Amino acid sequence: MSQQDWLDKDFYAVLGVSKDASAQEIKKAYRTQARKYHPDHHPDDAKAEERFKGIGEAYSVLNDPEQREQYDAIRAMGSGGARFSAGQGGPGGAGGAGFEDVFSSMFGGQGGGFPGGGRAAPGGGNPDLDDIMRMFGGQSSGFGGGPAGFQGNPGGAPAKGQDVSARTRISFRDAALGTDVRLSVDGKNVTTRIPAGVHDGQKIRLRGKGRPGPGSAKAGDLLLTLDVEEHPVWSSDGANLRLTVPISFDEAVLGTTLSVPLLDGGTVGVKVAPGTPSGRTLRVRKKGIVTKKTTGDLLVTVQVAVPAHVEGKAKQAVEDLREALAEEDPRAGLAEAAAR
């Protein structure tokens with residue numbers, strides 16, 4: 001994504017949200033739009049593919065609080081997206097409409113100049129984009145590298161190449177176990193290793209995979225945002241793995257040992273004590289996600305499966321059980337507790 005994209009594109013409009021939308025609203029809108037325009041649903045549709053790419057670009061900025069703040073500031077300064085490029089001619093010339101007024105009001109009528117020695121555009125036109133960048137922390141030459149979100153040029157060293165942003169979607173299993181992904185960024189193929197234990201929305205910085213720097217300067221970085229698909233059985237809680245396992249009524253009452261699947265294809269035995277209620281979570285240590293820093297646990301939540309239909313001996317057995325437990329009230333004390 002180029003610097004000019006921040007000035008030209010209304011990312012809020014791309015996602016269909018207001019400028020004061022919350023982070024949750026932005027995430028919800030992104031998921032809705034991404035599903036709607038996903039290439040899998042629009043094969044061989046170039047417009048849908050371009051729209052999907054734009055949705056990802058918009059979310060990569062608005063989902064990052066620092067980038068969103070910078071984007072809002074720059075858009076407000078640019079009156080909604082006019083170009084901060086070097087124009088030709090003085091005030092009122094082609095390509096310069098609007099910005100002389102903006103900077104005159106900000107800097108006391110100095111037109112094309114900047115405080116602190118910022119340079120004016122050739123021919124007395126608009127300031128160039130690097131000058132705008134310096135106003136956000138005294139740095140320039142691209143988004144994403146410096147303390148204020150922009151790449152700097154400290155100590156007179158060659159300017160680093162521009163950072164670029166991209167998104168990729170991976171399965172829950174690949175996110176938990178780690179995988180290699182290949183994607184195309186700015187017309188070149190990039191292959192990288194996704195470490196085990198990443199989560200939805202996580203950003204990975206790939207150093208030197210951005211745009212080339214001028215001359216002998218280092219290339220910029222690639223900021224890769226991960227979209228992790230939901231799994232029908234597994235979910236994660238940090239490095240812990242979670243799943244829900246159904247058990248029968250008699251297993252809950254009398255106790256049992258369950259054979260529970262593991263993410264790597266194996267199984268583990270989990271003991272269910274007699275009288276275990278539905279919804280209880282049992283912990284199996286060191287059977288969760290394995291990362292470089294830690295190994296999580298497996299959290300097994302048991303859910304008692306209630307038969308939809310019982311007849312004959314089964315029905316009679318349940319009725320006998322009800323009669324035998326008639327003096328027990330599972331809701332004893334509920335009304336009193338609710339009235340506190």
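Every heavy atom of this structure was used, including side-chain atoms; hydrogens, water molecules and symmetry mates were not. If you're wondering where the values come from, they're calculated on a predicted model, not measured in any experiment.
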Let me see the working for Leu325 and Glu328 under side chain to side chain contact (heavy atoms under 4.5 Å, CB included), right down to the final yes or no. CA-CA 5 Å; Leu325 301 178; Glu328 293 190 16; 3.8 Å; yes

Please lay out, stage by stage, how Lys19 and Asp10 fare under the test side chain to side chain contact (heavy atoms under 4.5 Å, CB included). CA-CA 10 Å; Lys19 289 181 173 60; Asp10 186 343; 3.9 Å; yes

Test log, rule side chain to side chain contact (heavy atoms under 4.5 Å, CB included), inputs Leu262 and Leu298: CA-CA 9 Å; Leu262 297 174; Leu298 175 64; 3.8 Å; yes

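Residues passing the salt bridge (Lys or Arg N to Asp or Glu O under 4.0 Å) test with Asp320, sequence neighbours excluded: none. By the salt bridge (Lys or Arg N to Asp or Glu O under 4.0 Å) test, Arg280 pairs with no residue at all, sequence neighbours left out.
Pro307 has its side chain out of reach of Phe249: every pair of non-hydrogen atoms, C-beta onward, lies at least 4.5 Å apart. Counting heavy atoms from C-beta on, the side chains of Leu243 and Val260 come closer than 4.5 Å. A heavy-atom distance below 4.5 Å is not found between the side chains of Leu241 and Leu299. Side-chain contact between Leu62 and Leu15: present, with at least one pair of heavy atoms (C-beta onward) separated by less than 4.5 Å. A heavy-atom distance below 4.5 Å is found between the side chains of Leu223 and Arg205. Using a 4.5 Å heavy-atom cutoff, the side chains of Lys53 and Arg51 are not in contact. Side-chain contact check for Val181 versus Thr191: every heavy-atom pair is 4.5 Å or farther apart. No side-chain heavy atom of Thr257 sits less than 4.5 Å from a side-chain heavy atom of Val270.
Although no hydrogens or angles enter the test, the distance criterion places no donor-acceptor pair under 3.5 Å between the side chain of His38 and the main chain of Gln33. Of the possible donor and acceptor atoms, one in the side chain of Ser278 sits under 3.5 Å from a partner among the backbone N and O of Val304. Between the Asp174 side chain and the Thr179 main chain, no donor and acceptor come within less than 3.5 Å of each other. Put simply, the side chain of Gln202 gets close to the backbone of His199: a donor and an acceptor are under 3.5 Å apart. A donor-acceptor pair under 3.5 Å is formed between the side chain of Asp221 and the backbone N or O of Gly208. Without hydrogens or angle criteria, Glu25 side chain to Ser22 main chain gives a donor-acceptor distance under 3.5 Å. Side chain of Arg68 to backbone of Asn63: no donor-acceptor contact under 3.5 angstrom is found. Remark: side-chain polar atoms of Asp45 are paired, donor with acceptor, to backbone N or O of Ala48 under 3.5 angstrom. In this structure, the side chain of Tyr71 engages the main chain of Phe11 through a donor-acceptor pair within 3.5 Å.
Going from atom CD1 of Ile55 over to atom OG1 of Thr32 covers 10.0 Å, rounded to the nearest 0.5 Å. Note that CG of Asp180 and CZ of Arg182 are 11.5 Å apart. Values are rounded to the nearest 0.5 Å. Taken from CG in Asp186 to NZ in Lys209, the straight-line distance is 13.5 Å, to the nearest 0.5 Å. Rounding to the nearest 0.5 angstrom, the gap separating the OG1 atom in Thr192 from the CG atom in Leu206 is 4.5 Å. To the nearest 0.5 Å, atom NE2 of residue His231 and atom CZ of residue Arg173 are 5.0 Å apart. The CD atom of Gln67 sits 5.5 Å away from the OG atom of Ser165 when rounded to the nearest 0.5 Å.
One finds no salt bridge joining Asp163 and Arg211 here, because no Lys/Arg side-chain nitrogen approaches an Asp/Glu carboxylate oxygen to under 4.0 Å. Ion pair Asp200/Arg169 not flagged as a salt bridge, since none of the NZ, NE, NH1 or NH2 atoms sits closer than 4.0 Å to an Asp/Glu carboxylate oxygen.
Sorted pairs that involve residues 263-277 and meet side chain to side chain donor-acceptor pair (under 3.5 Å), not counting sequence neighbours, are lacking altogether.
Of the N and O atoms on the side chains of Asp64 and Tyr59, not one donor lies less than 3.5 Å from an acceptor on the other residue. Side chain to side chain, Thr295 and Lys286 fail the donor-acceptor criterion of an N or O pair below 3.5 Å. Between the side chains of Tyr30 and Arg167, at least one donor N or O sits under 3.5 Å from an acceptor N or O. Side-chain contact of Thr281 with Thr301: a donor-acceptor pair under 3.5 Å is present, judged by distance alone. Residues Ser248 and Glu251 have side chains that bring a donor and an acceptor to within less than 3.5 angstrom of each other.
Applying the 6.0 Å contact sphere to CD of Gln303 captures no more than 12 heavy atoms from other residues, nucleotides or ligands. No more than 12 heavy-atom neighbours from other residues, nucleotides or ligands sit within 6.0 angstrom of NZ on Lys293.
When every heavy atom of Ile204 is checked against every heavy atom of Pro195, the shortest pair comes out as CD1-CD, 4.0 Å. When all heavy atoms are compared, the tightest approach of Pro277 to Val302 is O-CG2, 3.7 Å. Heavy atoms only, all atoms of each residue included: Gly238 and Ile289 are closest at O-CD1, 4.0 Å. The minimum heavy-atom distance linking Ala176 with Ala196 is given by the pair O-CB, 3.3 Å. Val228 approaches Ser171 most closely through the heavy-atom pair CG1-O, 4.1 Å. Residues Ser184 and Asn189 come closest through the heavy atom pair CB-OD1, 3.9 Å.
The cluster map of Ile, Leu, Val, Met, Phe, Trp and Tyr, joined by side-chain heavy atoms under 4.5 Å apart, puts Leu282 and Val233 in the same cluster. Val268 and Val290 are members of different hydrophobic clusters when ILVMFWY side chains are connected at heavy-atom separations under 4.5 Å. No single ILVMFWY cluster, assembled from side-chain heavy atoms under 4.5 Å apart, contains both Leu254 and Val310.
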